[in-house]
> 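Before I ask anything, let me first share the structure, which is written out below as structure tokens.
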Protein chains: 2
Amino acid sequence: MKEKELRIDGIDKVILKHLINDARTPILSIAREIGISGAAIHQRLRKLEASGLVAGSKFMINPKVLGYETLAFVGVHLDTASKYSEVIKRLNEISEVVESHYTTGNWAILIKVLCKNNEHLLSLLSDKVQQIKGISKTETFLSLDQHINRQIKL
Amino acid sequence: MKEKELRIDGIDKVILKHLINDARTPILSIAREIGISGAAIHQRLRKLEASGLVAGSKFMINPKVLGYETLAFVGVHLDTASKYSEVIKRLNEISEVVESHYTTGNWAILIKVLCKNNEHLLSLLSDKVQQIKGISKTETFLSLDQHINRQIKL
DNA sequence: CATGAAAATCAAGCTTG
DNA sequence: CAAGCTTGATTTTCATG
């Protein structure tokens with residue numbers, strides 16, 4: 001969490017560009033492309049990790065292969081008296097909820113959910129989400145098509 | 001893209017659980033933990049990749065280190081005459097837009113944007129997003145706090 | 001940059017249901 | 001027989017001085 005003055009140059013960007021696309025790219029193959037030693041890449045990566053810019057690396061799972069075809073956003077209205085953290089704790093226990101945001105605007109919470117199909121989504125909402133104490137109302141937006149999905153540009 | 005009947009057993013889950021958390025976990029260390037050979041893990045991973053369940057691996061960048069502190073969702077209303085694909089193409093040129101969804105409900109498009117601060121968001125919306133031909137109106141929801149952020153459960 | 005140690009990869013061959 | 005595992009040789013990568 002130490003904020004050292006972080007300077008990323010062109011070489012860092014090339015390194016990260018590779019690893020953002022494929023975290024298992026061999027460091028030496030990047031080194032060969034850039035024309036510097038593998039050890040140099042190592043040092044830069046350690047620096048980037050220490051700075052916190054690189055938060056880690058993850059395998060990406062394709063939900064469709066597991067039969068999860070329905071992606072939706074759900075705006076959640078809370079009772080005025082409700083404890084936000086209590087509701088989040090309940091939402092966290094629902095594995096289909098993959099994101100939650102405390103938001104300004106119409107609702108208190110916006111969540112992203114992954115379901116197998118529309119029936120699954122419907123039962124999830126009525127049997128689980130809307131059963132949570134403190135949630136008064138929900139508003140659902142199906143994602144029919146996700147085009148852009150990327151990370152921040154370096 | 002061949003859909004072979006995919007069966008993932010407990011061993012596959014252990015392997016993926018490690019790699020979802022850290023894509024650079026050495027395969028042999030997973031092998032030792034499970035008690036099978038590294039080559040066996042390798043074979044299973046090839047199978048999982050061939051099935052499409054594993055969509056790849058990515059380095060995760062922490063936007064805050066780059067000064068991007070503001071996350072927002074923006075609902076985009078389109079003119080009835082508007083071409084969705086044209087608008088998406090324009091949105092795709094805006095690097096701050098990291099997700100886009102064609103949605104049912106109030107808007108046509110829901111996007112997720114990353115900005116350095118509120119002024120940056122404001123100028124992004126007025127100077128770039130709302131300049132796109134076909135976009136009639138936008139509605140912004142600031143994410144004040146993101147708690148849940150994960151992948152689908154295996 | 002060079003080097004020993006570790007890991008990944010590959011090809012047979014073995015085991016088991 | 002087929003699927004999955006093991007073994008061991010070979011290549012590649014890692015991490016350190």
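Naming: A, B, ... by sequence-line order, numbering from 1 per chain. Everything quoted here is computed from the prediction, not taken from an experiment.
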> Please find the pair of heavy atoms, one from A/Ser95 and one from A/Val98, that lie closest to each other, and give the distance.
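Closest approach of A/Ser95 to A/Val98: O-CG1, 4.4 Å.
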> Extract from the structure each pairing of a protein N or O with an N or O of nucleotides 13-17 of chain C at less than 3.5 Å, listing the distance.
none

> Between C/dA7 atom P and A/Arg24 atom CZ, what is the distance in whole Å?
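After rounding, the reported distance stands at 12 Å.
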> Using a heavy-atom distance cut-off of less than 4.0 Å, which residues of residues 8-17 of chain A contact DNA chain C?
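None, since no heavy atom is under 4.0 Å.
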> Quick one: are A/Glu99 and B/Ile148 in side-chain contact, heavy atoms under 4.5 Å?
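A side-chain contact is absent here, since even the closest heavy-atom pair is not under 4.5 Å.
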> Ring pair (Phe, Tyr, Trp, His ring centres under 6.0 Å) with A/Tyr68: which residues, sequence neighbours excluded?
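A/Tyr68 satisfies ring pair (Phe, Tyr, Trp, His ring centres under 6.0 Å) with no residue once adjacent residues are dropped.
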> Side-chain heavy atoms under 4.5 angstrom apart, residues restricted to Ile, Leu, Val, Met, Phe, Trp, Tyr: same cluster for B/Val14 and A/Leu66?
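The answer is yes; both residues are in one hydrophobic cluster.
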> I'd like to check the salt bridge (Lys or Arg N to Asp or Glu O under 4.0 Å) partners of A/Arg150; sequence neighbours left out, ordered by chain and number.
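Expected list: none.
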> Heavy atoms only: give me the nearest A/Gly38-A/Leu28 pair and the separation to one decimal.
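The pair with the smallest heavy-atom distance is CA-CD2, 3.7 Å.
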> Verify, without hydrogens or angle tests, whether A/Thr25 (side chain) and A/Leu19 (backbone) share a donor-acceptor contact under 3.5 angstrom.
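Pair absent, no side-chain N/O of A/Thr25 close to backbone of A/Leu19.
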> Sequence neighbours left out, what passes ring pair (Phe, Tyr, Trp, His ring centres under 6.0 Å) with B/Phe141? Give chain and number order.
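Here the qualifying residues are A/Trp107, B/Trp107.
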> Any ion pair linking B/Lys89 and B/Glu93 (charged N to carboxylate O, less than 4.0 Å)?
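The answer is no: the pair does not qualify as a salt bridge.
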> Give the residues of residues 26-48 of chain B touching DNA chain D, defined as any heavy atom closer than 4.0 Å, sorted by residue number.
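Close to the strand are B/Ile36, B/Ser37, B/Ala39, B/Ala40, B/Gln43, B/Arg44.
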> Report yes if some heavy atom in the side chain of A/Leu144 is under 4.5 Å from a heavy atom in the side chain of B/Thr103; otherwise report no.
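No, every pair of side-chain atoms sits at 4.5 Å or beyond.
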